[in-house]
Q: 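Sharing a structure with you now.
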Amino acid sequence: MSARRYTLKKNQPAASPSLAIEYQKELNEAQYAVATTLENPLLVIAGAGSGKTRTLIYRVARLIEAGVAPQSILLLTFTRKAAQEMLRRAAMLMDDRCEQVAGGTFHSVANLILRKYATSIGLDPSFTILDRSDSEDVINLLRTLLGLNERAKRFPKKQTISGIFSKTINKDLTLDEVVLRDYSHFADHLEDLHKLQVTYQQYKTQKALLDYDDLLVKLRDLLADDQSINRQLSDTYRYIMVDEYQDTNKIQAEIVRLLATSHHNVMVVGDDSQSIYSFRGAHFRNIMDFPQQFPSVQVFTLEENYRSTQPILNLANAVISQAEEKYPKRLFTRKSNGSVPALIQAEDERAQSRFVCQKILELREEGVPLHEMAVLFRSSFLSFDLEIELTRCDVPYIKRGGFKFMETAHVKDVLSHLRVVANPRDSVSWNRLLLLIEGIGPRTSQSIIAAVMNSITNSGHFLEGLKSYCKGSHYSTALQELYTLLEKLNEENTTLMPAEKMGWVCHYYLPLLKQRYDDYPKRIKDLEHLQTLAERYKETETLLSDLVLEPPNESVSDIVASDHEDERLILSTIHSAKGLEWHTVFILWALDGRLPSLHSFMSDEELEEERRLMYVAMTRAKENLFVTYPVKIFDRASGSVLSKPSRFIEDLDQNLLETWTLIEES
DNA sequence: AACAAGTTGTTTTTT
DNA sequence: ACAACTTGTT
């Protein structure tokens, strides 16, 4: 580990007295230095709540003020919502020019660039993007096709296989390395896994399908292999800013490096203590390797916290100070008073839920709005019991993270119809929509798909293949209806708006939905929500890629009806809480075996990541922090009883964390 | 016999 | 919600 160098630049004299924005007044010394250093590589280590977003916004404004064209600024963020929010705030600070700044996630930027340059790398520009479950479906299909699940020894499940393949790419390892290191119990299947991986790649290429990893890999390869395109893009984006750099992986770092070849104007912001995505190949060392890629880099550190009270910071600092490996950084604040965070032991899960719910109601009485309170947890399923309690007490909430709206079956069903029209070679979607029809199972579906693919190669028209199946069997009437729908969508492909097309699909799908699900009224609501989303789009292809890349992450059915739209409690996984803050934060299940999760006990590295997760959760709180855990929890997977509080907060001084016990009132 | 559909116990985090 | 297993249909 290289020693950290702090380079604090002396305050520059204010650029010009006529400027509307008074940077020096509105930013602290370090923030000001960052916002006004416009050229050359820049690394900013920004502690939690240190005004990182604010600094980025001011820097965007400063760049535009200095005459830089907004279109030549590229802002890479973790979610596209984050980018839009920043640009909106920058526009408020300055003017609408800020909205023209290019921004989004690595994946969404890759999507745009690849669609534009697809033909030059032999890619169909109307390629379909596979989300996680789509790519698992493909893998499952190929696994059966290769006869791998009939092996004597059990072959890994589709999720596991997909995880292995993804790790090879994101951690830049060979298949052998990944399997032997993390999945040694499947070492016997190495040869078959190799075969499957090759087949998977071929299948995707043949059907014009790209999974999340392909988007990044293809963009990197495009930039690395084609000098002239690299030049064009590098000249287009003259100023690059990357947020949450601690959660980027090697490929993303390479993309940044390649995009900056002609100018080196790159600024990356991050915090090694908040790196929580290593399962996706991110490594916090990435942030420290940055100076090696750009030797002329200037390094800044933001340590003053504007979010939390001192007692909360004291606790967070104590948790992170036990980290094996960390970079010296100590958050401080001027908000000195505030109450000491509380640790509450509950006798079981129900008691924990009841306590949290009751406390939330109390705080609401005291005037804390519901949307200023959040309940955070390690894994999505850990909030199930609390959700029941909240519903019982009529507390409206939204849940972020975990299962996504887009991943619900009925939404995917509807979209698959639009997808086959956009890319008829997309056999994943064909399979999905065919299986909906009664009487058609995996076998029949495969043979119909084969016929469709044949008709594409022979006549160039996919409907021919479907037609031949429309008579003579018990499912032919249903298939005829499907044919009519797809014919309509295809013939009026260019004249119909995306929302109109979706209307036709829903009309066709509604009877199937009602027959399939008992809870169809809820699902119909979801589809209506999808319809409203679609109305914002002019191009079906944009709609489809956006939905895969940036899925709306709250399901309508999760929302308990409420009169006041904004008055909703937030439930979130810690991962999805990144970058956010609330007046009051509850950390649920701070139980050893849940946070840290049992899965992480084997490796020190994973355990360290769990610690950072706890740190991230704590630093979301502005005023109040409650940490709770139930005892006597039996874990079926390990066969053990969990009763100890999280090792990260055990035996801490009462000054840092006050312990409380729940007394049941009769 | 081949295939479709219904039944029963486990589930990390996400672009 | 998924996979493995079981029952039902053509």
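Worth saying up front: this structure is predicted, and the values here are computed from it rather than measured. Sequence lines set the chain letters: A, B, ... in the order given, protein chains first and strands last, and positions in each chain run from 1.
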Q: Check whether any side-chain nitrogen or oxygen of A:Ser380 sits under 4.0 Å from OP1 or OP2 of B:dT11, and answer yes or no.
A: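 Checking B:dT11 against A:Ser380, no side-chain N or O comes under 4.0 Å of OP1 or OP2.
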Q: Whether A:Thr79 contacts B:dT15 is assessed here as follows: a side-chain N or O lying under 4.0 Å from the phosphate OP1 or OP2. Is that the case?
A: no
Q: Nearest whole angstrom, please: distance from the P of B:dA5 to the CD1 of A:Ile440.
A: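 So the two atoms are 9 Å apart, to the nearest Å.
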Q: So if I take every side-chain heavy atom of A:His599 and compare against B:dT12, B:dT14, C:dC2, which nucleotide ends up nearest?
A: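 Ranking B:dT12, B:dT14, C:dC2 by closest atom to the A:His599 side chain puts B:dT12 first.
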Q: State which of B:dT14, B:dT15, B:dA4 makes the closest approach to the side chain of A:Thr105.
A: B:dT15
Q: Hunt down the Watson-Crick or G-U wobble partner of B:dT11, both distances under 3.5 Å, from any strand shown, or write none.
A: none
Q: Taking 4.0 Å as the cut-off, does a side-chain nitrogen or oxygen of A:Arg443 come that near to OP1 or OP2 on B:dC3?
A: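 For B:dC3, OP1 or OP2 has a side-chain N or O of A:Arg443 closer than 4.0 Å.
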Q: Do A:Arg220 and A:Phe106 form a cation-pi contact, if we require the NZ or CZ to be under 6.0 Å from the six-membered ring centre and within 45 degrees of the ring's axis?
A: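 Because its charged atom misses either the 6.0 Å distance or the 45° angle limit, A:Arg220 does not stack over A:Phe106.
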Q: May I ask you to verify if any side-chain N or O of A:Ser597 is less than 4.0 angstrom from the OP1 or OP2 atom of B:dT13?
A: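 Indeed not, no polar side-chain atom of A:Ser597 lies that close.
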Q: Using whole Å, report how far CZ of A:Arg132 lies from C1' of B:dT13.
A: 11 Å
Q: If we take the C1' atom in both B:dT13 and C:dA3, what is their distance in whole Å?
A: 22 Å
Q: Base, sugar-phosphate, or nothing for A:Phe106, non-hydrogen atoms under 4.0 angstrom?
A: nothing
Q: Could you tell me how far C:dA4 sits from B:dT12 if I compare only their P atoms? Round to whole Å.
A: 16 Å
Q: Does A:Phe381 stack onto the base of B:dT11, taking stacking as ring centres under 5.5 Å apart and planes under 30° apart?
A: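 It does not: the two rings, one from A:Phe381 and one from B:dT11, miss the stacking criterion.
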Q: Nearest whole Å is fine: how far is C:dA4 C1' from A:Asn140 CG?
A: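 To the nearest whole Å, that distance equals 12 Å.
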Q: What nucleotide among B:dT13, C:dC2, B:dT14 has an atom nearest to a side-chain atom of A:Ser379?
A: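 When the side chain of A:Ser379 is considered, B:dT13 is the closest of B:dT13, C:dC2, B:dT14.
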Q: Send over the distance from A:Glu606 CD to B:dT12 P, rounded to a whole Å.
A: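 Rounded to the whole Å, the gap is 13 Å.
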Q: I want to confirm an ordering. Mapping A:Gly439 and A:Ile276 to their closest nucleotides on DNA chain B, which one lands closer to the 5' end?
A: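 The answer here is A:Gly439.
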Q: Run the side chain to side chain contact (heavy atoms under 4.5 Å, CB included) check on A:Val585 and A:Leu376 step by step: do they pass?
A: CA-CA 7 Å; A:Val585 167; A:Leu376 308 182; 3.8 Å; yes
Q: Just checking, A:Lys207 and A:Tyr203: is the charged tip under 6.0 Å from the six-membered ring centre and within 45° of the axis?
A: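 Relative to the ring axis of A:Tyr203, which defines the angle, A:Lys207 lies inside both limits.
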Q: Figure out the CG/C1' separation between A:Asp213 and B:dT15, and round it to whole Å.
A: 9 Å
Q: Check A:Leu482, A:Val452, A:Thr444 against A:Leu434 for a side-chain contact (heavy atoms from CB on, under 4.5 Å) and give me the one that passes.
A: A:Leu482
Q: How long is the line joining NZ of A:Lys157 and C1' of B:dT12, in whole Å?
A: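 Spelled out: NZ on A:Lys157 to C1' on B:dT12 is 14 Å.
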Q: With respect to A:Leu123, which candidate in A:Leu210, A:Leu222, A:Asp214 satisfies the side-chain contact (heavy atoms from CB on, under 4.5 Å) definition?
A: A:Leu210
Q: Looking for any heavy atom pair under 4.0 Å, which part of the strands does A:Glu438 touch: base, sugar-phosphate only, or nothing?
A: sugar-phosphate
Q: Using whole Å, what does the distance between atom P of nucleotide C:dC2 and atom CG of A:Asp134 come to?
A: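 Answer to the nearest Å: 12 Å.
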Q: What is the separation between atom CG on A:Leu435 and atom C1' on C:dC2, rounded to the nearest whole Å?
A: 15 Å
Q: Count the heavy atoms belonging to other residues, nucleotides or ligands that lie under 6.0 Å from CD of A:Glu539, then report whether that count exceeds 12.
A: no
